[in-house]
Structures are given as structure tokens and as C-alpha cells.
Peer 1: 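Provided herewith is a single structure, encoded as C-alpha cells, for subsequent inquiry.
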Amino acid sequence: MDIQNIEKKWQKYWQKNKLFEVNKNKEKFYCLEMFPYPSGKIHMGHVRNYTIGDVIARYKRMRGFDVLHPIGWDSFGLPAENAAILNKVHPAVWTYENIAYMKKQLMAMGFSYDFTREVTTCSPEYYKWNQWFFLKMYELGLAYRKSSMVNWCNDCATVLANEQVIDGQCWRCGNVVVQKELEQWFFKITNYAEELLTGCDTLIGWPEHVVSMQKNWIGKSIGTEVDFPIFESNERLRIFTTRPDTIFGATFMCIAPTHPLASQFLGNNSELKGLIDNYGKIDDKIGIFTEHFAINPLSEENIPIFVANFVLMEYGTGAIMSVPAHDERDFEFARKYGLAVRQVIIPKDVQVDDILTNAYIGEGVLVKSKQFNNLFNIEAIEAISKYIEEKGIGKRVVNYKLRDWGISRQRYWGCPIPIVYCKTCGVVPVPENELPVVLPEDIEFSGGSVSPLAQVESFCRVKCPRCGADGRRETDTMDTFVDSSWYFIRYCSTKEEDALDKENIKRFMPVDQYIGGVEHAVLHLLYSRFFTRVLRDIGVVDFDEPFRRLLTQGMVCKETLKCPEHGWLFTDEVKEDKCIHCGKEVLKGRTEKMSKSKKNVIDPNVLINKYGADTIRLFSLFAAPPEKDLEWSDQGVEGASRFLNRLWNLVETNVDTLKKTDIKGFRGNSGLFKKTHQTIMKVTESIERDYHFNTAIAAMMELLNEMTGLQHDDKSLKFAVRAMILLLSPFAPHIAEELWEVSGAERGISKQSWPEYDKEAAKEDEIELVVQINGKVRSKIMVDVGLNDDQIKGIALSDERVISFIGSSVVKKIIVVKGKLINIVVTN
RNA sequence: GCCGGAGUGGCGGAACUGGUAGACGCAAGGGACUUAAAAUCCCUCGGGUUUAGGCCUGUGCCGGUUCGAGUCCGGCCUCCGGCACCA
């Protein structure tokens with residue numbers, strides 16, 4: 001069989017007949033895969049992600065749904081700009097060339113996309129809407145500008161959002177992130193913190209761990225703010241605590257190095273400067289005594305105030321009361337600086353013991369807490385908070401870890417922020433009818449640290465939309481996560497239609513099944529949930545959650561190979577466990593996520609040329625269930641290829657029989673007929689239950705084994721072959737189409753319905769009854785199905801093997817599990 | 001440290017609400033076809049033991065519930081992922 005030509009033939013056929021465009025008169029199903037960044041060519045991660053999505057899309061189509069299955073390009077971003085600096089290619093040229101190439105690759109994989117809805121985020125028709133959303137958010141106060149300390153990556157010469165800093169490093173390049181003060185645009189995602197959190201409970205179709213990561217990131221905590229008067233001063237120090245029950249145990253105070261009182265108390269103290277410079281970089285707890293004291297408003301004691309590097313300015317009030325007896329961090333600090341530790345909560349039935357070896361963070365009863373003594377601490381939280389509010393020295397508050405989303409990027413290849421700065425009018429939004437603010441094309445890339453846009457005078461110089469005087473454009477561009485926060489909505493309408501057509505959105509949203517990598521568990525998915533709510537509030541959509549079900553597929557991994565002299569090696573650099581460059585023994589490393597740096601990658605192109613797309617699709621679905629990591633195995637690919645070949649040969653050798661046999665209205669009772677129904681059932685259930693394609697494929701393999709193993713009557717064989725091809729078609733669509741045609745059916749398996757199974761026909765006449773004695777399998781007897789318990793007991797008890805096992809023992813109890821087994825409990 | 005998830009043959013993985021552990025595939029071994037090889041086809045394949053039928057044992061470890069536990073409960077161990085001075 002000529003795989004290459006067969007695959008091309010059907011890809012052409014699909015395209016020509018527009019089989020994957022939506023058609024409006026059936027129930028919809030929106031199947032979406034996370035769109036790729038056009039980095040150059042597709043990798044195995046894409047292949048896996050898109051294969052999973054494609055099987056779902058094709059399956060749902062066969063089940064009669066009007067499937068929206070789009071694809072596009074997340075095409076703004078830094079690599080294009082880096083390529084421009086390196087190779088002197090314009091980012092647009094580089095990007096569009098990559099898109100063209102990758103699109104060809106996607107087509108070669110046989111993915112059933114509706115390419116007429118293709119979205120490219122770097123096109124002005126697309127990003128115009130980013131700007132429109134920005135203006136709407138600006139009007140609502142959801143987009144605002146402020147100066148703040150930001151995460152700065154020197155390598156990328158740009159700002160990063162909190163979510164984009166991983167272990168203190170840039171999420172993209174791994175460079176150490178530093179703090180820098182900058183004027184930035186922010187989206188007020190914190191306005192939606194509570195809603196995003198409670199919304200988590202409605203995400204029933206999402207993997208639990210993703211939901212919990214979102215909850216964690218939002219990080220709600222309920223607590224109390226309390227004012228501590230400063231001794232011999234009119235000032236107060238406001239702190240936030242979740243443990244007001246421990247307030248009588250507060251023996252000192254800590255404030256953040258950047259807290260206003262820190263410099264007020266210490267001035268230009270060099271020690272303080274050091275703390276600020278190394279803020280967030282040192283794990284050790286370091287403090288400086290301010291020589292000032294605060295008055296504990298409840299105990300009325302004077303307690304010292306420290307500046308401490310472990311207190312965060314951005315969270316709560318930037319100041320805390322320290323209760324070393326009941327907080328591990330405070331305990332560590334108190335130990336180091338020899339500060340008092342006073343236990344005010346004791347576990348029930350335990351003596352007070354001031355010599356703690358660890359902070360006690362558990363529950364207990366209050367002591368040394370005046371009128372609150374003997375209260376259980378959970379109740380004391382309530383009581384003391386209430387007391388504080390009544391005395392007017394504080395209030396209960398809710399805090400979130402979630403910060404506002406900084407979206408300014410000092411880069412060229414992104415969506416311009418539609419703002420003009422005017423000397424007289426200040427910050428002026430670009431009027432809606434002047435959108436889009438288009439990125440200028442003629443631009444120099446020096447690779448320096450100044451934003452390239454700021455150097456394009458023709459772009460920057462603009463009249464103020466309000467007063468007409470000379471103004472300057474904002475030269476920062478938007479974070480590319482803005483682009484991907486709503487692309488799923490753009491897909492709902494064709495390019496010719498209005499991007500935010502309400503009818504179209506209503507028809508297709510929300511996404512029924514979203515498929516992508518876990519790496520976006522907080523970033524993209526949280527931003528999209530936020531954006532959806534904003535769009536709801538400005539009347540574009542009428543739902544809260546964009547993605548009904550989410551499937552996070554595992555990584556594609558492969559064994560690593562290392563030569564002591566030449567380092568990481570590609571598979572083809574190794575012959576018989578030796579390095580082909582130096583002949584040294586190659587070490588097999590652990591199996592890791594495929595990456596260019598470790599050279600454990602496989603190029604999809606090579607595989608397509610060698611085996612064809614169907615084999616790759618089949619293997620990547622068979623080797624592991626979609627949510628688990630997949631270990632690449634060249635031999636496993638051979639196995640998948642073998643399966644398709646065996647099916648091919650079966651059809652080839654029986655072509656005449658298949659063509660001439662008529663199975664209209666056929667209902668057989670052969671073993672193969674039963675097996676066929678059982679297979680349809682198994683495959684359908686495997687897909688429906690959890691998209692466990694690996695077991696679906698295993699079932700098909702079983703059916704093929706049955707077909708090739710024995711002689712069958714023509715009708716049963718044809719029935720089995722046809723069902724088999726239909727079942728296989730979402731997984732290996734090219735071969736399925738070809739075999740469908742070859743075996744005499746009308747062209748176009750993609751238009752066929754999913755085969756139905758008949759539960760009755762799938763039922764066996766006889767079952768293998770397992771006979772256990774005291775829970776151990778002792779015999780297996782073939783019996784008719786549908787026998788009642790007594791009949792089964794009778795058969796089991798008269799079985800020779802069973803009789804000899806029971807011997808002289810006494811039968812105490814008999815348990816019958818219908819259709820499966822019988823357990824005889826005996827004692828001797 | 002906290003929060004999630006997972007530990008099953010040589011390997012990837014099956015086993016639905018507790019009911020035959022190891023489906024399916026890979027690797028390995030044996031055989032058929034072939035001058036030979038490749039391809040293909042057939043057989044074996046957790047461990048131990050037995051002349052055989054068989055028996056014993058086995059799902060990370062220890063205990064429990066149950067007629068019956070990979071599955072449920074309690075206590076550990078290991079690995080992976082996320083968060084990490086969030087007061």
C-alpha cells in the first residue's frame with residue numbers, strides 16, 4: 001500500500017468537499033485544542049494534543065453533532081523578535097512563513113480542522129479587538145496604570161506577570177528575574193478574585209488538580225486587620241492576621257523592608273538598604289530592630305518593632321504581629337534574635353509549657369488572654385475579631401494572593417496599547433473608530449534594551465484625540481496572554497462575520513471540550529476565565545465559564561542518551577550502544593520530556609514520511625491514556641504500523657467477498673458477530689467514559705485478532721470489517737477512508753454514522769463460571785447464562801473438582817455473583 | 001513544609017460501582033515459510049514448585065474491614081507535579 005499517496009488523496013478529498021465546516025442544523029459540539037505558537041515546525045507535543053482533539057472531533061461528528069473544530073496561531077511574542085535580531089528577518093515575515101509551514105504539517109497529519117476560521121493573533125483584524133476590550137476595560141476602571149515594582153527579565157528585556165515567574169526565573173528563557181520600578185498597565189483581575197474562586201466549584205469537567213491549582217493561586221484567606229498604636233507617637237501600625245486568637249501571644253512586630261515606617265524609623269540606614277536590595281533573594285530570616293515599640297491594643301504591652309525580610313509588602317498590610325509560640329516563621333525569628341515566646345493556646349488536657357521546641361499551630365484553649373481565657377481558639381477568632389471591631393481598632397477582611405495582571409511589555413511584536421499621552425489632557429484613550437492602532441512595519445532591531453517601538457517617531461508622534469495638541473503614543477505592547485484570552489470566541493464567527501457576533505457566540509460557546517497542556521493550569525486558563533467574565537459584564541457574552549470540560553494531556557517523553565565525550569546524542573548518533581563519533585559506550589539516561597537541548601526529540605516529519613500520519617496518530621493514542629505522560633518507543637510505533645497493515649491485508653485478501661456480500665438487515669449469531677458488537681460497545685464506552693483511547697484501540701486489536709484467527713462466514717466477516725473500519729476512522733482516518741472505498745462502500749467515511757451496538761447481540765450464550773472455595777479459584781465451568789442462583793449452586797456443587805476440594809468440610813455459606821462467579825465458604 | 005497525583009510482569013499499560021490480576025501492545029525465547037535475510041504466520045512468556053492434573057505465592061510496605069481487596073479504611077515508604085516565607 002502506498003501510504004503517502006493514500007493520505008494525500010483523502011486530505012484533498014476532505015478539503016474539496018468542505019467536510020469539516022459547521023453546518024448549523026444539528027446540535028453543536030465545540031472541540032478546541034490550545035492553539036500553537038508558530039515557532040517553526042510542529043513537535044510531538046502538538047501531534048499528541050491535536051490527535052486527541054481530532055479523534056474527539058471526528059467521533060462527535062459521527063455521533064451527529066455539528067462540530068466546531070478550529071485552529072489558529074498564537075502569533076505574537078518574543079521568539080519572532082529574537083529571530084529578527086539574529087537573522088535580520090522581519091518578525092512578520094518570520095511568523096507568516098512559520099505559519100505556512102506548520103499549517104502544511106497539520107494538514108499532513110489529517111486533522112479535521114475548519115481552516116476557514118483560522119485565527120492569527122498578530123493580524124490587525126484580530127488584535128483590533130484586544131484594543132477594543134482594553135478601551136472597554138479602561139472605561140470600567142478595569143484597566144489602570146500604576147508605578148510599581150515589577151518582575152523584569154534582562155534577557156527578554158521585558159516585564160513578566162507574577163504567573164510568568166517560575167522559581168524566580170523567567171518562564172520562557174529561565175533567566176533570573178529582577179525587581180524594577182516601572183509605570184505599567186494593569187488589568188484588575190482582583191475585582192473578580194472571589195468570583196473566580198467560587199466559579200472553581202462549577203468546573204466539574206476539569207481535572208481536580210487544575211482546579212486546586214487555580215484555587216491555590218487565587219489564595220483566599222480570611223483574617224483581621226488590627227491597629228497597633230506606636231509608643232510615644234500618634235501613628236498606628238496596621239497589621240493583618242488570620243490568627244487574632246493568638247494576639248495575646250504577640251511579643252514583637254515585623255514590617256516589610258519597603259514599608260513606609262521602615263525608612264521613617266531607620267532613614268538611610270545601610271543595613272536597611274541591604275535588606276531592600278536582597279529582598280526576596282535570601283531564605284534566611286534577617287531583622288533590624290527599629291528602636292521603636294508598638295502597644296498591643298489588647299494586652300496593652302509594649303512590644304518591639306522589627307524590619308524583617310520575610311514580610312511581604314504586597315500582601316495584607318505589609319506588617320504583621322509576631323506570635324512566635326504559634327507561628328513557625330515567627331518562632332524561628334524569635335529564636336534567632338532572642339525574643340520572648342509566650343504560649344497562649346494549649347491543646348486540651350495539657351499543662352502550660354512556655355519552653356516550646358516548636359511553634360504550636362494546632363487547636364486548643366486560650367490562656368493568658370484576659371477575658372478570653374478558656375475559650376476554644378476557633379471561637380476566640382470570632383470573639384476577638386468582634387471585640388476589635390467594636391473597639392474600632394480594626395476589622396475583619398479577606399485577602400487574596402492573586403495580584404492584578406500587569407500587561408505592559410516593552411517589546412515590539414505585540415498588540416499596541418491604544419493610549420495617547422498628552423501634556424494637557426494626560427492619559428487619553430484612542431477613540432474606538434480609530435482602531436486598530438497598527439504596528440508600524442518599518443523598524444530597526446538593535447537588540448538593545450530600549451523598546452523598539454519607542455524609536456519609531458512616525459508611530460509615537462500623534463495628535464491628542466481630545467485637544468489636538470502634540471501627544472505621544474504608548475509604546476508598550478500587551479502581554480500575549482491577552483491574545484489567547486478570547487481567541488476561542490473569535491472562532492465562533494467566520495472571518496467575514498463580526499468578530500463578536502452574539503448569535504454565533506451563543507450558538508457555539510462555551511467550549512465543550514478543551515484540550516491542552518497542564519503548563520497553562522494557572523496562566524492562560526485563569527486569564528481566559530477572567531476575560532470571559534469581563535466580556536459578560538460588557539454584554540458580549542452571557543455565560544461565566546468558557547470551558548466546560550478540560551483535558552490536560554501528559555507530556556511526550558523519551559529516553560535520553562549521553563556520550564561521555566560528546567554529551568547528549570540523538571538516537572541516530574548511536575549504533576549498538578556506542579557513540580558514532582568516538583565509539584565510546586553511550587549512557588542511557590532517564591526518560592524525560594522531549595526537548596531539543598537533551599536531543600531526545602523525534603521529528604514528526606520523519607515519522608510521517610516513514611510510516612504515514614495514521615500510524616503516528618494511532619501510536620500516540622495507544623501508548624498511554626491521554627492525561628498521562630507518554631513514553632515514546634520506536635518499536636511501539638512499529639507495532640501500531642503492523643496493526644494497520646494486518647487490517648489492510650485482511651481487506652485486500654477478502655476484497656471480492658466483501659464486495660459481493662450483501663449484509664442488508666443481517667443479524668448473525670456467529671462468534672464473530674457477537675465479538676463485533678462487543679467491540680463496538682467497548683470502543684464506544686472507552687471513548688465516552690474518559691477518552692481512554694488506548695483501551696478503545698486494544699479492543700479493535702482484539703477484534704482483528706479474532707477476524708484473522710479463524711474462518712468466518714462471509715456475512716459475519718463483512719459485518720465485522722465494516723464496523724472495524726468505522727470504529728477506526730476517527731483514529732486512523734486516511735486508511736479508514738481508503739479501506740471503506742476499497743471494500744465496496746460509497747466514498748466518504750467521514751460522513752458515516754458511528755456504528756450502533758446491540759446489547760442483546762453482544763451477550764454471550766455461555767459464561768465461564770468461576771468457582772471459588774473460601775475465596776480461591778478452584779474450578780471454572782462453562783454454563784448457560786440466565787441460570788438462577790440455585791441452578792448455579794447445583795452445578796457448582798456437583799462439579800468433581802469442587803467436590804474433592806470440599807471433602808469432608810462443612811459448607812457454611814454460598815455467595816453467587818450473577819454471570820460471574822460463585823464462592824463457597826466452608827469450614828472443617 | 002503545604003496541596004494534588006501515582007506506585008501492578010523485562011517494558012508501555014488493562015482490570016467499570018470490591019468478584020478469575022496481568023486485556024492489548026512491545027521486548028524476549030522457540031517454531032514454520034525461505035538458499036538466506038527481511039516481512040509474515042504459529043506457540044511460550046509474573047515468580048516458585050511438581051512427573052503431570054495441580055499447588056503455593058504475587059498489584060510499594062505494615063495492619064484492618066469483608067465470603068472475597070489492585071480496588072475500601074488506618075498507619076508508613078518512595079516517586080512525580082504544583083505552591084512555597086501569603087502571616
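Just so it is clear: chains get the letters A, B, ... in the order the sequence lines come, proteins before strands, and each one is counted from 1. Since the structure is predicted, the reported quantities are computational estimates derived from the model, not experimental observations.
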Peer 1: Could you pull out all residues at least two apart from A:Ile378 that satisfy side chain to side chain contact (heavy atoms under 4.5 Å, CB included)?
Peer 2: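 By the side chain to side chain contact (heavy atoms under 4.5 Å, CB included) rule, A:Ile378 matches A:Glu363, A:Phe376.
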Peer 1: Mind checking what makes side chain to side chain donor-acceptor pair (under 3.5 Å) contact with A:Lys820, not counting sequence neighbours?
Peer 2: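 Testing A:Lys820 for side chain to side chain donor-acceptor pair (under 3.5 Å), a comparison that skips the adjacent residues, returns none.
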Peer 1: Report, as a single string ordered 5' to 3', how protein heavy atoms within less than 4.0 Å touch nucleotides 15-25 of chain B: B base, S sugar-phosphate only, - not at all.
Peer 2: S---BB--BBS
Peer 1: Applying side chain to side chain contact (heavy atoms under 4.5 Å, CB included), name anything that partners A:Phe619, two or more places apart in sequence or on another chain.
Peer 2: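 A:Phe619: side chain to side chain contact (heavy atoms under 4.5 Å, CB included) contacts with A:Ala623, A:Leu630, A:Trp632, A:Ser633, A:Val637, A:Ala640.
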Peer 1: Tabulated below should be each protein N or O lying under 3.5 Å from an N or O of nucleotides 5-11 of chain B; please produce it.
Peer 2:
none

Peer 1: Starting from the 5' end of RNA chain B, give me the residue, A:Asn645 or A:Asn216, whose nearest nucleotide shows up first.
Peer 2: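 Its nearest nucleotide being more 5', the pick is A:Asn216.
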Peer 1: So which one's nearest nucleotide on RNA chain B is more toward 5', A:Val825 or A:Met213?
Peer 2: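 First, find each residue's nearest nucleotide; the 5'-ward one identifies A:Val825.
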Peer 1: Between the protein and nucleotides 29-33 of chain B, list the N/O to N/O atom pairs that are separated by less than 3.5 angstrom.
Peer 2:
none

Peer 1: Could you pull out all residues at least two apart from A:Arg642 that satisfy side chain to side chain contact (heavy atoms under 4.5 Å, CB included)?
Peer 2: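 Not a single residue meets the side chain to side chain contact (heavy atoms under 4.5 Å, CB included) criterion with A:Arg642.
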Peer 1: Quick one: list whatever passes side chain to side chain donor-acceptor pair (under 3.5 Å) with A:Gln772, sequence neighbours left out.
Peer 2: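 By the side chain to side chain donor-acceptor pair (under 3.5 Å) rule, A:Gln772 matches no residue at all.
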Peer 1: Paired with B:G7: which nucleotide, if any, by Watson-Crick or G-U wobble criteria at under 3.5 Å for both distances?
Peer 2: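 WC or wobble partner is B:C77.
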Peer 1: If the condition is side chain to side chain donor-acceptor pair (under 3.5 Å), which residues does A:Arg396 pass it with, not counting sequence neighbours?
Peer 2: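 Side chain to side chain donor-acceptor pair (under 3.5 Å) check on A:Arg396 returns A:Glu382, A:Glu389.
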Peer 1: Residues in ring pair (Phe, Tyr, Trp, His ring centres under 6.0 Å) with A:Phe333, at least two apart?
Peer 2: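 Partners of A:Phe333 under the ring pair (Phe, Tyr, Trp, His ring centres under 6.0 Å) test: A:Phe252, A:Phe306, A:Phe310, A:Tyr337.
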Peer 1: With sequence neighbours left out, write down each residue that passes side chain to side chain donor-acceptor pair (under 3.5 Å) with A:Arg646, or none if nothing qualifies.
Peer 2: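 Checked A:Arg646 against side chain to side chain donor-acceptor pair (under 3.5 Å); matches are A:Asn705, A:Thr708.
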Peer 1: What does nucleotides 47-54 of chain B look like as a protein-contact string, B for base, S for sugar-phosphate only, - for none, at under 4.0 angstrom between heavy atoms?
Peer 2: --------
